[in-house]
Amino acid sequence: MVRNILIAGMIASGLTLGPRLAAAAGEVEVLHWWTSGGEAAALNVLKDDLESKSVTWQDMPVAGGGGTEAMTALRARVTAGNAPTAVQMLGFDILDWAKEGALGNLNAVAAEEGWDDVIPTALQGFGKHDGNWISAPVNVHSTNWVWINKAALDAAGGKAPESWDELVAVLDRMQENGITPLGHGGQAWQEATIFDAVVLSLGTDFYKMSMIDLDPEALGSETMKEAFDRMAKLRSYVDDNFSGRDWNLASAMVIEGTAGMQMMGDWAKGEFLNAGKTPGEDFVCIRFPGTQGAVTFNSDQFAMFAVGDDRIPAQHLMASAIMAPKFQSAFNVVKGSVPARTDISDADFDDCGKKGMKDLAEANVNGTLFGSMAHGHAAPAGVKNALYDVVTAHFNGAYDSSTAVEELVNAVEGAM
Ligand code: GAL
């Protein structure tokens, strides 16, 4: 009734109905943690794309890199019986929600658009549950990157490090040059992100056995002690004010040159680009020394929740928009990640993006592509959080390396 009066009023006032009604019918509420400058710029590509399709975007940002806080907020929403339409989510978290029966079904969209043929198999493992599509992957990030201020590298000899020893030598030179060698934010997920790379640098088999298979022998090995020794060494290059610092502020230190480098996933590139910086000129991107040829990946997917029939058309429109080839290129160019489809040209990507796409494809063929522990693609949240606790306690000096190894074995056993 009210609606009829409203429509009559709109006709009388000469307003066009079509777009307005379409907009009213098509709304998505999206929970995400993309709140840094680079992340927000990328998110705007998605918002604008949907708005051009008359889908209204209701934003539900929950700040906190890596998404820990967002996942807590999500739990509260679902418990209250009020799930958002779509939620940015990582790996095993998606499967956990699917097992709870909370997610919708995207099979119709996926079949019509041939998702099975173009989405990398490694991503399908998290986008599908029991053979049904439940989420739409928007990107592939990877965690074993180092972002180096070019001028600081030049002042430290100019050669990007390719091994652990070369890395330490460059960090030492940066220290002598009076800057903070390693820009870092003291939050558990950030320490875990470095840990991904450090473990991988000690061997792809070692990464797989310890972080994916959770093999107690690998977790408790001498090699794991070496991983913790390397973490302690890296800690010695971090400034005193690192505690609690957000990751994008650590990126800003590298962008400004007060820090030499940051060990972070390729979302960091989004910050450099957002600050107007150019790869090769202002900054250099390398794989964490010793991990060349291997990739620890994480993929942001929008998990689609089971919503009322009235909200499904907009939800499906969003899923379809995310998978559109043009969008996959445009979004990932800004985000720092690479497309979640295998059929996208790298023409629009900068050198780091091109390298990211090539590395991913090669690692996939060579069997050196692994899910990131730090970003929820190696083990479910319970195990991930147990690993976080030990890694961060050691980084903050609560354990020596031998104790950390013992605690790691116990923590994983307790979480399984
Ligand atoms: C990751 C996510 C990235 C980026 C990062 C920092 O987990 O995959 O897209 O947002 O957290 O917030």
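Side chains are part of it too, since the values below use all heavy atoms of this structure and drop only hydrogens, waters and symmetry mates.
Under the 4.5 Å side-chain criterion, counting only non-hydrogen atoms from C-beta, Val254 is not in contact with Ile148.
Take Glu222 and apply the side-chain contact (heavy atoms from CB on, under 4.5 Å) test, not counting sequence neighbours, and it matches Lys225. Partners of Lys233 according to the salt bridge (Lys or Arg N to Asp or Glu O under 4.0 Å) rule, which considers only residues two or more places apart in sequence or in another chain, do not exist here. Annotation: side-chain hydrogen bond (donor to acceptor under 3.5 Å, both in side chains) contacts of His377 (sequence neighbours excluded): none. For Phe195, the ring-ring contact (aromatic ring centres under 6.0 Å, His included) partners two or more places apart in sequence, or in a different chain, are Phe228. In terms of the ring-ring contact (aromatic ring centres under 6.0 Å, His included) criterion, residue partners of Phe327 (sequence neighbours excluded) are, by chain and number, Phe331. Residues that satisfy the side-chain hydrogen bond (donor to acceptor under 3.5 Å, both in side chains) test with Gln187, not counting sequence neighbours, are Trp189, Gln190, Asp246.
Atom CD of Glu100 sits in a crowded spot, with more than 12 heavy atoms from other residues, nucleotides or ligands closer than 6.0 Å. In Lys326, the NZ atom is not crowded: 12 or fewer heavy atoms of neighbouring residues, nucleotides or ligands sit closer than 6.0 Å. By the neighbour-count criterion of 12 heavy atoms within 6.0 Å, atom CD of Glu217 is sparsely surrounded, having that number or fewer from other residues, nucleotides or ligands.
When every heavy atom of Leu106 is checked against every heavy atom of Ala319, the shortest pair comes out as CD2-CB, 4.0 Å.
Asp154 has a carboxylate O that lies under 4.0 Å from a charged side-chain N of Lys150, or vice versa, which qualifies the two as a salt bridge. Taking 4.0 Å as the cut-off between side-chain N and carboxylate O, Asp346 and Lys358 do not count as a salt-bridged pair.
The residue from Thr193, Asn144, Asp196 that alone fulfils the side chain to side chain donor-acceptor pair (under 3.5 Å) condition with Ser372 is Asp196. Only one option out of Asn105, Asn107, Asp116 pairs with Trp133 in a side chain to side chain donor-acceptor pair (under 3.5 Å); it is Asp116.
The side-chain hydrogen bond (donor to acceptor under 3.5 Å, both in side chains) analysis of residues 312-321, with sequence neighbours excluded, yields the pairs Glu113-Ser320. Listed by first then second residue, pairs satisfying disulfide (SG to SG under 2.5 Å) with a partner in residues 359-399 number zero, not counting sequence neighbours. Applying the ring-ring contact (aromatic ring centres under 6.0 Å, His included) definition to pairs two or more places apart or across chains, those involving residues 204-224 are Tyr207-Phe370. Residue pairs meeting the disulfide (SG to SG under 2.5 Å) criterion with at least one partner in residues 222-338, sequence neighbours excluded, are Cys285-Cys352. Among pairs with a residue in residues 58-108, those fulfilling ring-ring contact (aromatic ring centres under 6.0 Å, His included) read Phe92-Phe126, Trp97-Phe305, at least two apart in sequence or across chains.
Taking the six-membered ring for Trp and thresholds of 30 and 60 degrees, His32 and Trp57 have ring planes inclined between 30 and 60 degrees apart.
Side-chain atoms of Asp49 and Ser52 include no donor-acceptor pair closer than 3.5 Å. For the residue pair Ser337 and Asp266, no side-chain donor N or O sits within less than 3.5 Å of a side-chain acceptor on the partner. Between Asp300 and Gln88, the side chains place a donor N or O and an acceptor N or O closer than 3.5 Å (distance only, hydrogens not considered).
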Please determine whether side chain to side chain donor-acceptor pair (under 3.5 Å) holds for the pair Thr403 and Asp400, giving the CA-CA distance in whole Å, both sets of side-chain angles, and the decisive distance to 0.1 Å.
CA-CA 5 Å; Thr403 313; Asp400 63 18; 2.6 Å; yes

Considering only distance and modelled atom types, tabulate donor-acceptor pairs under 3.5 Å from the side chains of residues 409-416, sequence neighbours left out.
| from | atom 1 | to | atom 2 | distance (Å) |
| --- | --- | --- | --- | --- |
| Asn410 | ND2 | Glu406 | O | 3.4 |

